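Read through the structure below, which is laid out as structure tokens, and then see the notes.
Just so we're on the same page: letters track the sequence lines, and every chain starts at 1. This is a predicted model, so every value here is computed, not measured.
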There are 2 protein chains.
Amino acid sequence: MDTLTAEQIAERIWLSIAERRLRPGMRLKETELAEVFGTSRARVRQVLGMLEREGLVTIEVNKGAFVAEPSVEDARDIFHIRRAVEGRVLERLVDRLDKKKIETIRRHVEKERIANADNDQRQIIKLSGGFHQMLAEMAEAEFLSVLMRDLISRSSLITAAFRDSAKYNCGPDEHEEILNHLRDGDPEKAQEAMRHHLEHVEKELRLAAGRDTPRSLKDLLS
Amino acid sequence: MDTLTAEQIAERIWLSIAERRLRPGMRLKETELAEVFGTSRARVRQVLGMLEREGLVTIEVNKGAFVAEPSVEDARDIFHIRRAVEGRVLERLVDRLDKKKIETIRRHVEKERIANADNDQRQIIKLSGGFHQMLAEMAEAEFLSVLMRDLISRSSLITAAFRDSAKYNCGPDEHEEILNHLRDGDPEKAQEAMRHHLEHVEKELRLAAGRDTPRSLKDLLS
DNA sequence: GCATACAATATTGTCGACAATAATGACAGC
DNA sequence: GCTGTCATTATTGTCGACAATATTGTATGC
């Protein structure tokens, strides 16, 4: 892979943020990124624009790009909206799922299980988001896919920022439970399982008092 | 106004689409746009990227940018999701509105009324979207504002594509009704009025059979 | 010694030139 | 006269150079 596309670079940065290698507030210099990915500054700027739109970085004019620093309120809002959107997705899914799609999802969950067994963090993160993205795409509403992509990005950042352990331990069991209810054609239970899943993820965040992401040195030293 | 910012250019193009001067499918050549707005191609490309993310234009690699052509399904989906999102906004608003904010909204609706009386299409479109954007921002959830902006853009395109008359006759009366219920602290009635408002707008679209936007000459001549 | 002004450096913002690709038109062969 | 091929033109994609701005370092006056 010689020349990376903007999307590929964006994914790499997203993964670095989700893996907590890039922490909220960190500076993202254009020339550095360009060197790292062996590309031009122009492309890096394009990528940073995409990431800003997805809420992963903030860009200050004439200052530069930084990994975004979501607030506790942001975290709550995102999960709140996400519960609503995932609900709509499942609503739409019941009419649209056939054996073939169920099988596709099943294979995906299987991959998640393997990645978990291997403790392959990068794959775990990618596949975990991919599960929800796949459901949104099967709902066959263009905008829901776009929206879900956005929500997954922001959720990844929030998880990285507020989670206690470095481990991304949202195992595939809950995904499989949702899948099983979908297979059984039981939308209510699928909805319930999804709600439970999202609440579980949110509960594991430290949203109470201590925040992980000092906004500035001032906050850090006060 | 000598040099326009990317946002200003994007707004101008959005307005042209909403006013039906730019129709779905129309080609948007970079050099032409650059000349029209007295700017560089680089900036135009930046703007086109923004508009693509908002769903207003589609970009085909090595082909160029075109005004997006929403399908009937897209239209239904957008309004479906929009109803849900506007509902969440109103939910959050009840706890957050004070006299000052109510007054701000009231003044906005007043402006809408004036624009309507003057039959100033451009102002009508801007203010009509601005009403919903204002509510979303008062809900104080960053992501809801971003989301609403997106939904408003796409709704404008859909309205332009599927509406019978050229007139943008979503008058300020329904906005005022929502405002009144909010002022009275009656969330249920506000929700009801919003639902009615959005359904009214959607009902006025020709989403049944005939579509306004031929995807290609083949469709047009078959 | 401290603060302020100024210079040097680093970083981002903007643009125009060139390369790559697609669309169009001309021409030759049949 | 029609079709396929090639050349021409038009348009988009990419990049590096330069300008504008912010940051850091240095010196100077008090």
Side-chain angles (χ1 to χ4, degrees), chain A residues 1-13 16 22-69 214-221, chain B residues 1-13 16 22-69 214-221:
Chain A
M1 183 88 44
D2 199 8
T3 56
L4 296 164
T5 69
E7 283 75 17
Q8 290 171 320
I9 297 173
E11 187 185 38
R12 292 269 297 267
I13 296 177
S16 290
L22 290 174
R23 309 275 328 227
M26 274 191 179
R27 178 90 180 268
L28 299 172
K29 290 184 199 168
E30 296 177 355
T31 48
E32 281 185 19
L33 292 176
E35 284 171 19
V36 168
F37 295 110
T39 184
S40 66
R41 259 189 66 220
R43 189 165 297 252
V44 168
R45 284 173 70 79
Q46 184 188 355
V47 170
L48 289 174
M50 294 165 59
L51 293 173
E52 185 192 27
R53 168 79 186 169
E54 290 178 16
L56 289 180
V57 315
T58 57
I59 295 177
E60 294 176 49
V61 190
N62 285 330
K63 291 277 182 61
F66 305 82
V67 179
E69 303 179 280
R215 174 156 287 278
S216 66
L217 272 182
K218 220 188 297 177
D219 294 353
L220 195 64
L221 301 174
Chain B
M1 179 109 25
D2 199 7
T3 56
L4 296 164
T5 70
E7 283 75 18
Q8 289 171 320
I9 296 173
E11 188 184 39
R12 291 269 296 267
I13 295 178
S16 290
L22 290 174
R23 309 275 328 228
M26 273 190 181
R27 178 90 182 267
L28 298 172
K29 289 185 199 169
E30 297 178 355
T31 49
E32 283 184 19
L33 291 175
E35 283 171 20
V36 168
F37 295 110
T39 185
S40 66
R41 258 188 67 218
R43 183 156 301 214
V44 167
R45 285 173 70 79
Q46 185 188 356
V47 170
L48 290 174
M50 293 164 60
L51 293 173
E52 186 192 26
R53 284 192 288 267
E54 290 178 19
L56 289 180
V57 315
T58 56
I59 295 178
E60 294 176 49
V61 189
N62 285 330
K63 292 277 182 64
F66 304 82
V67 179
E69 303 180 282
R215 175 156 287 280
S216 66
L217 271 182
K218 220 188 296 178
D219 293 353
L220 195 64
L221 300 175

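Looking at the side chain of Val61(B), the nearest of the listed nucleotides dG13(C), dG13(D), dC15(C) is dG13(D).
Residue contacts shown for Arg41(B) include a base, since a base heavy atom lies under 4.0 Å away.
One finds the CD1 atom of Ile13(B) at 6.5 Å from the CG atom of Leu28(B) (value rounded to the nearest 0.5 Å). Atoms CD and CZ, from Glu32(B) and Arg27(B) in turn, are 8.5 Å apart once rounded to the nearest 0.5 Å. Rounding to the nearest 0.5 angstrom, the gap separating the OG atom in Ser16(B) from the CD atom in Glu11(B) is 10.5 Å.
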Do any N or O atoms of the protein come closer than 3.5 Å to N or O atoms of nucleotides 19-21 of chain C, and which pairs are they?
unit_1  : atom_1 : unit_2   : atom_2 : d
dT21(C) : O3'    : Asn62(B) : ND2    : 3.4

Polar atom pairs between nucleotides 23-25 of chain C and protein, under 3.5 Å, N or O only, would you list them?
none

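Closest-nucleotide positions on DNA chain D for Leu28(B) and Ser40(A) were compared, and the one nearer the 5' end corresponds to Leu28(B).
Atom CZ of Phe66(A) and atom C1' of dT23(D) are 12 Å apart (whole Å). The separation between Gln46(B) atom CD and dT14(D) atom C1' is 16 Å, rounded to whole Å. The distance between atom CZ of Arg43(A) and atom P of dT14(C), rounded to the nearest whole Å, is 20 Å. For the pair Glu30(B) CD and dC15(C) C1', the interatomic distance rounds to 14 Å; values are reported in whole Å. Rounded to an integer number of Å, the gap from Glu7(A) CD to dG13(D) P is 12 Å. Rounded to an integer number of Å, the gap from CG of Leu48(A) to C1' of dT11(C) is 13 Å. Distance NZ (Lys29(B)) to P (dG13(D)): 14 Å, rounded to an integer number of Å. Rounded to whole Å, atom P of dT14(C) lies 12 Å from atom CD1 of Ile59(A).
Partner of Glu30(B) under the salt bridge (charged side-chain N to carboxylate O under 4.0 Å, His left out) criterion, chosen from Arg43(B), Arg45(B), Lys63(B): Arg45(B).
Pairing each heavy atom of Leu4(A) with each of Phe37(A), the nearest pair is CD1-CD2, 3.9 Å. The two atoms that bring Ile59(B) and Leu48(B) nearest to each other are CD1-O, 3.8 Å, heavy atoms only. Nearest heavy atom pair, residue Glu69(B) against residue Gly25(B), reads CG-N, 3.5 Å. Nearest heavy-atom pair across Gly55(A) and Ala68(A) is O-CB, 3.4 Å. Smallest separation of non-hydrogen atoms from Val67(B) and Pro24(B): CG1-CA, 3.6 Å.
In terms of phosphate contacts, Arg45(B) brings no side-chain nitrogen or oxygen within less than 4.0 Å of OP1 or OP2 of dT12(D).
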